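What follows is a short report on a single structure.
What you are looking at is a predicted structure, and each value in this text was computed from that prediction instead of being measured.
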Amino acid sequence: MVDILLATYNGEKYLREQLDSLFNQTFQDFRILVRDDGSTDGTMRILREYALHHAGKIEIIEDDLGGGNPARNFMLLMKHSTAGYVMFCDQDDSWMPDKVSTLLQRMQAEEKRTADGAAPILVFSDYQVTDAQLRPLPVNESSLQIARHYRSLNRLLVQNYITGCTMMINKTACQLAGDYDSRILMHDWWIALYVSAMGRICHVPEKLTYYRQHGDNDVGARDVKSMEYRLEKLRDKTVRNSKNTYYAQAELLKERFYAEMSGKSQKILDDFLAIRDYPKLKRMKALIDGGYLKSDWVRSLGYLLYI
């Protein structure tokens, strides 16, 4: 059984198309858990309609816990999951028919490679960037924000390389997530961090998701090598303070999981947290020596200057 977690907010425009893509999967032993974050459009009406027509396949979680952001919404959904495997679904994408089956096959193969089959495991795939009508866009994929698939803890401490809508995690990884904390920058980044520190992350080099770009995405497929993007980041004062959010998330990782981490992961985490107390030049050298770097040299240079 696979639980597909769907976090919604004012998603009526593309929601039907996404739900149809789920019900067109070649693997059908799944349940959709949905939690809405206070939509004011027709999202809930669509969800109730599909729940009625697909009895037992959609469970709408209604509570009084509020929301405020996708990370908290998804992490609240994770509390309701009981399946052996969990996937994360954005309301505005569309899944290719063999997405669940492909990721599940790789997941189960990885589980057999672990000593007891109980380690936290994350598998993730590539995506096809499209326009609002799901027409593939002629993008330079080497210039996308997540163009490389780094999975090491040192890299993940300063940048997320795993997009939530492309991933599947096992039950162990789901149960480790814990409660939402404001230091968690995004649910997918948080999951990637602790799985990297204690388990296995595996990449499936197949495009299994139509990643729709329509101008209103919370997180989109940006060309991070464009001059427009780089100037935008240089002007953004919050970017200059991003080091504080990285350290805060790393502190939470240490608080929750340090005792269960391998000695190698503990050292990577300790060395990273120690860097904030170094003088500027020593801090820059330690970041380079430890491999705590961004995905390309321009972003790494800006990061080194600000952190």
**Item:** Any side-chain donor near an acceptor of the partner, D270 and Y258, under 3.5 Å
**Value:** yes

**Prompt:** Regarding Y127 and D93, is there a side-chain donor-to-acceptor distance under 3.5 Å anywhere?
**Reply:** no

**Main-chain N/O of M107 paired with Y85 side-chain donor or acceptor, under 3.5 Å** = no

**Asked** Is any NZ, NE, NH1 or NH2 atom of the basic residue among E251 and K254 found under 4.0 Å from an Asp or Glu carboxylate oxygen of the other?
**Response** no

**Message:** Would Y211 and T130 count as a side-chain contact (heavy atoms from CB on, under 4.5 Å) here? Give the steps.
**Reply:** CA-CA 6 Å; Y211 193 39; T130 75; over 6 Å; no

**Request:** In plain terms, say whether R16 and E49 are close enough for a salt bridge, that is, a side-chain N and a carboxylate O under 4.0 Å apart.
**Result:** yes

**Request:** Please confirm whether R283 makes a cation-pi placement over Y278, using NZ or CZ under 6.0 Å from the six-membered ring centre and within 45° of the ring normal.
**Result:** no

**Request:** Would you indicate whether K13, at its atom NZ, is surrounded by more than 12 heavy atoms from other residues, nucleotides or ligands within a distance under 6.0 Å?
**Result:** no

**Message:** Can you see whether H80 engages D3 through a side-chain donor-acceptor pair at a distance of less than 3.5 angstrom?
**Reply:** no

**Message:** With a 3.5 Å distance limit and no angle check, can you tell me whether E59 reaches the backbone of R31 through a side-chain donor-acceptor pair?
**Reply:** no

**Message:** Cation-pi check for F23 against K57: NZ or CZ below 6.0 Å from the six-membered ring centre and within 45 degrees of the axis, yes or no?
**Reply:** no

**No-hydrogen, no-angle side-chain donor-acceptor test under 3.5 Å, D98 and S101** = no

**Message:** Which label fits Y50 and H54: parallel for a plane angle under 30°, tilted from 30 to 60°, or perpendicular past 60°?
**Reply:** parallel

**Message:** Any non-hydrogen side-chain atom of V195 less than 4.5 Å from a side-chain atom of I121?
**Reply:** no

**Item:** Ion pair check, R212 and E17, cut-off under 4.0 Å
**Value:** yes

**Message:** For H187 and N73, which I'm curious about, is there any donor-acceptor pair between the side chains at under 3.5 Å?
**Reply:** no

**Asked** Does any N or O in the side chain of T114 come within less than 3.5 Å of the main-chain N or O of A119, such that one atom is a donor and the other an acceptor?
**Response** no

**Prompt:** Looking just at side-chain N and O atoms, do T166 and S125 make a donor-acceptor pair shorter than 3.5 Å?
**Reply:** no

**Message:** I'd like to know whether Y246 forms a side-chain contact (heavy atoms from CB on, under 4.5 Å) with N244, so could you lay out the CA-CA distance, the side-chain angles of the two residues, the decisive distance to 0.1 Å, and finally the verdict.
**Reply:** CA-CA 5 Å; Y246 301 156; N244 298 323; over 6 Å; no

**Item:** Pair F272 and Y247, ring centroids less than 6.0 Å apart
**Value:** yes

**Main-chain N/O of I184 paired to Q249 side chain as donor or acceptor, under 3.5 Å** = no

